[in-house]
Amino acid sequence: MMAPMGASHPLDLLDRAIVGLDRALRTVAGVHAAHRASPAEAVPEADLDAGQREHAAALMRVNHVGEVCAQALYQGQALTARNDAVRASLEQAAQEEEDHLAWSADRIRELGGRPSLLNPLWYAGSLAMGMAAGALGDRWNLAFLAETERQVEEHLGGHLTRLAPQDARTRSVVEAMRADEARHRQTAVALGAAELPEPAKIAMRAVAKVMTAVAYRV
Ligand SMILES: [Fe+2]
Ligand SMILES: [Fe+2]
């Protein structure tokens, strides 16, 4: 494991590594419990035909993959952050990402779909990217986080136009996640995120496009 520079006590590091491993295993196994009840619980199931259900399940699979990546990203951030205050401030966001993970997994199941078979791969790739960003220092780590949240927010907005209009139950989950992602981005910016250079943003979009196309199917 890559040792963060300027890190505190070795036992703290070991602690963080164990918590991280536990989080990785739970994420990939899909056994996260939400801290907040899913917004879908308050919304009745709409009348959807088979195609609409399948489409909604596939879109929620894409969102679930996004949340698997968010877990890895926040974990990479926690492993590499130099500043304890930064790490603590992002814990709230990381906990909300766990809710998203559980909510989207629940909704996939309700719609009769299944999570992506490639989740271990998505997790590992995102953890590597998160740690690479972290190696550049907190400002860039936060920049990567802020830009990710911004792109996820946009992406969820796109899903709201693609879901069946009457599918209020799925929409309630997507809307709540989008509102959280906007706040996560603001948190990262408030903590001092740099603005990523345009080519980095374009590269991130390209990677996200491939991921979403694959996750829609697999
Ligand atoms: Fe999220
Ligand atoms: Fe987020």
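Values reported hereafter were calculated over all heavy atoms of this structure, with side chains retained and with hydrogens, waters and symmetry mates removed. Note that ligands are numbered from 1 as they come in the structure, with each ligand's atoms numbered from 1 the same way.
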- Take the Fe ion (ligand 2) and tell me which protein N, O or S atoms are nearer than 2.8 Å.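 Near the Fe ion (ligand 2), the protein supplies Glu97 OE2, Glu149 OE1, Glu149 OE2, Glu181 OE1, His184 ND1.
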- Message: Rounded to the nearest 0.5 Å, what separates atom CE in Met204 from atom CZ in Phe144?
- Response: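 Answer for the CE-CZ pair, Met204 versus Phe144, is 4.5 Å.
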- Query: Are side-chain heavy atoms of Met211 and Val65 found at a separation under 4.5 Å?
  - Reply: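 Heavy-atom side-chain distance check passes, below 4.5 Å.
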- Could you walk me through whether Arg36 and Glu96 pass the side-chain contact (heavy atoms from CB on, under 4.5 Å) test, one step at a time? CA-CA 8 Å; Arg36 296 170 292 169; Glu96 290 178 1; 3.5 Å; yes
- Message: Could you tell me if Gln151 and Glu147 have a donor-acceptor pair between their side chains, going purely by distance under 3.5 Å?
- Response: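 A donor-acceptor contact under 3.5 Å links the two side chains.
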- Query: Are side-chain N/O atoms of His100 and Glu97 paired as donor and acceptor at under 3.5 Å?
  - Reply: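 A pair is found: one side chain offers a donor N or O, the other an acceptor, under 3.5 Å apart.
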- Less than 4.0 Å between a side-chain N and a carboxylate O, is that true for Glu45 and Arg107?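 Yes, Arg107 and Glu45 are salt-bridged.
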